[in-house]
Amino acid sequence: MKITLKGGNSQVLEKGQTVGAALKACGLSVGSDVLAAKVNGVVVDLSRPLTEDAVVEPVRFDSAEGREVYRHSSTHIMAQAVKEVFPTAQVTIGPALEDSFFYDFAFERPFTPEDLEKIEARVREIIKRNLPVTRKELSKQEAIQFFQSRGEAYKVELIQGFPEHEPISAYSQGEFVDLCRGPHLPATGHVGAFKLLTTAGAYWRGDERNPMLQRIYGTSFPTQAELDAYLARLEEIKRRDHRKVGKELDLITIQDEIGPGLVLWHPKGALVRLLIENFWREQHIKDGYDLVYSPHIARLDLWKTSGHVDYYRENMFAPMKLEGSEYQLKPMNCPYHIMIYKSHLRSYRDLPIRYGELGTVYRYERTGVLHGLLRVRGFTQDDAHLFCRPDQIQDEVSRVLDFTFFVLKSFGFVDFEIFLSTRPEKSVGSDDKWVLATDSLEGALKSRGIAFHLDEGGGAFYGPKIDIKIKDALGRSWQCSTIQVDFNNPERFELSYIGEDGKSHQPIMIHRALMGSIERFFGILVEHYGGAFPTWLAPVQAVVMAITDNQREYVNTVVAQLKAAGFRADADLRNEKIGFKIREAEKAKVPYMLVAGDREVQSGTLSVRGRSGANLGNMTGAAVIDLLRNDVTRAQPELQPTH
RNA sequence: GCUGGCGUAGCUCAAUGGCAGAGCAGCGGUUUUGUAAACCGCAGGUUGGAGGUUCAAUUCCUCUCGCCAGCUCCA
């Protein structure tokens with residue numbers, strides 16, 4: 001058989017040689033960094049025998065596939081350790097995650113931190129034993145018998161769900177045998193640095209009616225340095241947590257007395273929010289939206305017409321009775337915008353119509369899902385509804401895409417991931433409509449040269465959608481923006497417009513949100529910047545500090561000058577040393593610190609210190625204003641919506 | 001909603017059945033200060049809430065509210 005190393009030379013080998021041997025024969029030095037191999041594009045164990053011509057390629061930790069193999073073997077080692085330390089624990093499933101892995105065990109009690117220490121010690125020992133990992137294939141019957149004999153009821157249940165006549169693979173390392181598709185590392189000694197992270201409860205097969213299993217999370221890396229870097233990143237995520245930073249910077253609180261998931265915006269947080277909202281409104285008006293307002297409650301009948309009572313009830317606050325009819329706190333803005341549309345007879349000439357609103361909605365979220373600002377019960381959507389003719393969908397969506405990227409970039413997000421979700425199994429609307437809408441969305445993405453992932457069947461029941469995920473400074477993705485075509489509401493509310501032909505037609509409706517929820521977006525912004533907002537969003541842009549009481553008057557004059565120029569500046573005239581004032585301003589993440597002592601008063605300047613200690617030298621008040629002005633305009637991208 | 005952990009001063013955290021404590025912040029004073037913490041003093045509490053066990057509960061038990069980590073959910 002002819003074996004070719006991808007991008008390298010070929011060798012003719014006898015059948016039955018292992019993949020590892022083949023890689024070597026092709027001239028590759030196979031060290032412990034080679035974890036597995038791709039044979040004709042499929043990742044397999046190095047110990048797999050080859051039987052026919054193939055292109056082979058080493059898999060290392062630097063690829064997603066390599067990391068998966070590495071973490072998967074790591075979780076097997078952890079499972080082996082748990083079985084050795086706690087023989088009564090039953091194994092269930094244990095997959096690799098992006099940066100880590102977990103394994104779920106059926107055990108009579110939760111694992112304690114002391115248990116984890118014991119398990120981790122045993123893991124190190126198993127790594128040291130350097131047990132070879134071997135694969136064997138069993139028939140379904142053999143597999144069931146084998147795992148039954150070992151008392152692994154969950155494995156048996158899994159196998160029973162497998163197809164009848166396909167062989168089932170199991171991997172063993174020493175005494176430990178696990179049902180597993182593989183592939184795996186050649187031996188346990190290939191794992192370098194290992195750490196158990198946390199424990200958690202998790203339902204068997206993710207179903208809350210099933211027994212609760214004990215999940216252990218862990219991670220592993222080839223070197224201690226890589227593990228340390230990962231742990232440092234986790235620390236950084238903790239440091240930037242918007243709940244912590246929000247409290248430290250006095251931006252927002254969520255208080256028990258007010259209620260869970262309900263946010264109080266303190267003056268500084270409210271100011272940042274105001275700046276976000278002002279920007280949002282200005283840009284929407286520029287981009288051809290009509291801004292509207294709608295009330296927080298409406299008759300329950302409206303929500304019956306919209307279908308929310310039928311399909312969304314469990315996420316709605318209970319209705320309240322008033323004057324013999326029921327009213328509902330709004331979970332969505334769309335019905336109101338629809339009613340504004342319906343308040344006139346519309347002509348095809350009026351379309352598209354774009355109604356935008358920073359609309360506050362209330363949703364009853366189950367207590368367990370609430371999470372700081374990222375998941376709340378009362379929040380403001382940057383919502384808009386576009387009503388257009390079917391032939392306008394693509395242009396409208398292209399326009400929204402341009403606008404979305406413009407807005408997101410303005411807030412400092414530059415990495416995006418785009419998903420196009422198509423028709424799910426349960427859906428409303430004719431085939432024609434779905435095809436037209438889906439083609440229009442795809443056409444819009446293509447017209448802008450935007451790469452996207454296809455999420456087949458991931459659309460809403462009422463229409464296809466485009467979701468945009470942003471990546472923050474720590475590389476985490478967040479879904480904020482969504483553009484959804486809706487065939488359902490125009491139908492339910494019997495929307496119409498008079499076409500060129502003088503007949504009545506149904507408009508297409510598009511829901512879209514750019515930031516999603518202001519609360520959530522604000523939380524993400526706080527974490528993205530670690531509280532150090534860019535100057536245009538900073539609640540306090542500059543603090544002018546007096547060294548001694550001698551400069552009080554001078555400082556006040558400078559502050560007045562900055563304020564007159566439209567900047568947010570405070571004076572710090574307290575009886576404190578300059579080091580203390582600097583420290584406080586640094587902790588408050590103020591972008592500019594302007595120090596005035598006798599020298600500055602003499603020369604009519606300020607000693608300018610940037611956030612995080614940058615010494616920007618001495619400048620006049622006018623020069624400081626230029627500096628701030630530059631900084632503020634630089635943060636707003638030169639780019640404009642391109643349509 | 002489920003599993004586990006947690007809840008003490010404005011904040012961060014001590015005290016494990018026996019008088020509730022520290023640092024920071026706050027207030028008063030001293031100090032007039034040069035780029036991330038000057039010094040002295042004062043005040044600050046229904047230990048999340050309700051009930052129970054006990055001579056005695058922050059500590060043990062029950063219920064409840066909230067938070068945290070997950071699970072589930074997110075038409």
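Here is the naming used below: chain letters follow the sequence lines, and residue numbers restart at 1 for every chain. The structure displayed is predicted, hence computed values, not measured ones.
- Residue pairs meeting the salt bridge (charged side-chain N to carboxylate O under 4.0 Å, His left out) criterion with at least one member in residues 301-313 of chain A, sequence neighbours excluded, are Asp301(A)-Lys304(A).
- Evaluation of the salt bridge (charged side-chain N to carboxylate O under 4.0 Å, His left out) test over residues 541-551 of chain A, restricted to residues two or more places apart or in two chains, returns Asp549(A)-Arg552(A).
- For Thr548(A), the listed nucleotide lying nearest its side chain is rU32(B); candidates were rU32(B), rA75(B), rU72(B).
- RNA chain B is contacted by Arg243(A), Lys247(A), Asp256(A), Pro260(A) of residues 243-262 of chain A, taking any non-hydrogen atom closer than 4.0 Å.
- Ring geometry for Tyr154(A) against Trp204(A) counts as perpendicular: the plane angle is over 60°, on a 0 to 90° scale with 30° as the lower cut.
- Partners of Lys238(A) under the salt bridge (charged side-chain N to carboxylate O under 4.0 Å, His left out) rule, at least two apart in sequence or in another chain, are Glu235(A).
- Checked against ring pair (Phe, Tyr, Trp, His ring centres under 6.0 Å), Tyr364(A) has no partners two or more places apart in sequence or in another chain.
- The side chain of His371(A) places an N or O atom within less than 4.0 Å of a non-bridging phosphate oxygen (OP1 or OP2) of rA69(B).
- A cation-pi contact links Arg71(A) to Phe221(A), judged by a cut-off of 6.0 Å to the six-membered ring centre and 45° from its axis.
- Legend: side chain to side chain donor-acceptor pair (under 3.5 Å) pairs involving residues 256-268 of chain A, not counting sequence neighbours, sorted by first then second residue: Asp250(A)-His266(A), Thr253(A)-His266(A).
- Less than 4.0 Å separates RNA chain B from at least one heavy atom of each of the following residues of residues 307-314 of chain A: His308(A), Tyr311(A).
- With sequence neighbours left out, Ser607(A) forms a side-chain contact (heavy atoms from CB on, under 4.5 Å) with Val595(A), Glu600(A), Asn618(A).
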Would you give a per-nucleotide map of nucleotides 35-42 of chain B, 5' to 3', where B means the base has a protein non-hydrogen atom under 4.0 Å away, S means only the sugar-phosphate does, and - means neither? BBBB----
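- Taking the six-membered ring where the residue is Trp, the centroids of His296(A) and Tyr336(A) are separated by 6.0 Å or more.
- The ring pair (Phe, Tyr, Trp, His ring centres under 6.0 Å) search around His371(A) returns none, not counting sequence neighbours.
- For Arg363(A), there are no salt bridge (charged side-chain N to carboxylate O under 4.0 Å, His left out) partners at least two apart in sequence or on another chain.
- A stem is defined here as three or more consecutive Watson-Crick or G-U pairs, each with both distances under 3.5 Å; for RNA chain B these stems are B:1-7 with B:65-71, B:10-13 with B:21-24, B:26-30 with B:38-42, B:48-52 with B:60-64.
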